Amino acid sequence: MKRQIYAFKIEFQALNFKLRFLLLLLFFFVLESNGQNPFFKASELSQTWVYYYPEHWPENQWERDFKNMAGLGFEAVHMGEFAWAQLEPEEGRYHFEWLDRAIDLADKYQLKVILCTSTATPPVWMSRKYPEILIKHENGNHSDHGARQHASFSSPKYRELALRTIEELAKRYGSDTRVIGWQLDNEPSVQYDYNQAAAAEFRIFLQNKYQTIDKLNQAWGTAFWSQLYTSFDQINIPLMKQQFMNHHQILDYMRFAAQQTASFLDMQSRCLKKHIIVQQFVTTNYIPNYEEGHIGLCKELDFHSYTRYMVFGENKGLGRKGFRVGEPLRIALANDFFRPIDNLYGVMELQPGQVNWGSVNSQPLPGAVRLWLWSVFSGGSRFVCTYRYRQPLYGTEQYHYGIVGTDGLNLSSGGKEFCTYMEELELLRKQYDRPRGELDYLSKAAILYNHENAWSIRNQKQNQHWNTEKHILSYYSALKSFGSKVDVITESADFEHYPLIIAPAYQLIDDELVERWKKYVEAGGHLVLTCRTGHKNRNGSLFEAKFGEKINELSGTEMLFYDLLPPEAADSVCMGTKSYAWYTWGEVFEPAPGTEVWAHYRGDFYSGKAAVVHKKHGKGSVTYVGVDSRDAELEKAVLIKLYERLGLSRLDLPPGVIVEYRDNFGIATNYSDKNYEFPLPARSEILIGEKELKTAGVLIWKQKK
Ligand code: GAL
């Protein structure tokens, strides 16, 4: 079989480019029209995988471990992630035999394999022979060997050495059908790297973008404080900790840094794809950091996946013991952010129990691991993988739980919950049948997101208490409490797919976007814009017009001014009979004739002036919410009013209860500390759980025919 595939691959590669392209299009079209993708079978719903580091354990334990993993129900094993030193112990001398043996043993127990490019952990010979590969920090220090992620994505030498090893791996395993896919690097994020190579690349990036130094000077407003440049060579990577550093420059640097990470990954993917069979996927495991902007930039990944940790001291959750369950919407938001990128996603790491790196590494609540697993599943994920099979006996992560404990044999509490999940999943697989769409969401909405707005706001907050993520979550959590489907989209999406779009704090705009918004509402779309929207152009400069004027026509108002309050002097906004506290940001409007005022300010010298307005446009409408409320209650009330106005159905789920639909299953999860009786639709057949959702409870049902 392996050889046949290889022969097919050779013939396929011999075909001319156009024919190959057409065949591939046909292949993907057939899969797509079946509702499938080339990597995962729809009827499997979601696969469950596990991390294993054979290089950490005596070889005589490998077979026992693989046998046990398979016996527990895991379907694939993830290996080779941090093993560069073992794969290439000396420059150019490769040692793959141990990995061959591990793959043979995994296969013996029907475990498929995911391989990695171990670029997060370069071997010591590299750092010593080529110190130019090391990241340089803002304070002038370099990273050193002895931890991980210390190499610069901008270093040409590092890229060259990485590619050489990746190519060897791809040649060796690229046509091996036991290997189902590849993970690039590990949690690649944006590097704040002051390495010489990074600075040189930054200058090239700027030169390509602006062509002439005059244009750069204009875009960065360098006339201010005598910051003028006379040549691109004079430009350095901006120091983030130096007070008052030019924020237009920082904006461009962030764009550059995000692109560097994406281009490093794309380069790896292109290298792999020269050798691997089409059935092997290429992905990477991103931390869902929405502000850094590199996620979604890669052009060469088959799909995006993410990693998720819920209990590590920072997430309070709901109620006194909420910290043991984590923030209710952390997984939901990651699902809704990652899924729309390629319409296919998975979760590469999910916490199996206590971790070692948090501020307070508590035990998760019994049942929480299973709750997270079903939350991942409910968003439409095609796989979930757990970090990691065995708890390590040495190294940085000694106190990190695995599926089995320090003896390598006994299941941890999280391990047991993974097993319960895998058994329950089997039950769902038996129930899988399409007709699609029988059981579905009551409504659908999108959040329009561009990380550049968050960067720009971060550089000029005006109120230290402003929090962009919290602001976006106010709207997101309201939509989720309505039981609405939410996609987080970018400007590259087709707005017309969504009856309702919310663009929160969308600070950077251009005329083209305003035109798209106008067309969208004229054609029947309903747009919600919120405070801080449209103040600046894409370089981060204010417009030479009245403040906020670019969106006056859309909002049907004129912005008079904005105000910011200290928290102890919070004021209120009235909508109907209720009032809502605010202090972080309030825009004060004069409505034009024909614009409805939905809420007004109270308590200060602009008492009675408009804070929330609504205006019909063609077949659609614009709602402008000029204020950021303290408890997210105003945002929810505005959306309730809008839903009523539009005749959209909604649920009224309490905080912490989430409902999602996939593959004709309804899935409700409870992150709150209170029980909740879920309002099941008529003719529902409960498959897992009970109508009475307990804390950390999961309820799954299907519509009866
Ligand atoms: C992740 C990382 C893994 C591992 C894990 C421990 O952030 O990707 O490699 O270190 O944390 O919880």
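Nothing here was measured: the structure is a model prediction, and the numbers come from that model. In each ligand, atom 1 is the first atom listed, and ligand 1 is the first ligand listed.
Applying the 6.0 Å contact sphere to CZ of Arg320 captures no more than 12 heavy atoms from other residues, nucleotides or ligands.
For Arg164 and Glu91, the salt-bridge test passes: some basic side-chain N is under 4.0 Å from an acidic carboxylate O.
Interatomic distance, Arg339 CZ to His304 NE2, rounded to the nearest 0.5 Å: 14.5 Å.
The list of salt bridge (Lys or Arg N to Asp or Glu O under 4.0 Å) pairs with a residue in residues 347-374, not counting sequence neighbours, reads Arg370-Glu424.
Of the residues listed (Leu169, Thr283, Ile114), the one engaging Trp182 in a side chain to side chain contact (heavy atoms under 4.5 Å, CB included) is Leu169, and it is the only one.
Side-chain atoms of Glu63 and Tyr109 include a donor-acceptor pair closer than 3.5 Å.
At a heavy-atom cutoff of 4.0 Å, ligand 1 is surrounded by Phe82, Arg148, Asn186, Glu187, Tyr309, Glu349, Trp357, Tyr387, Glu397, His400.
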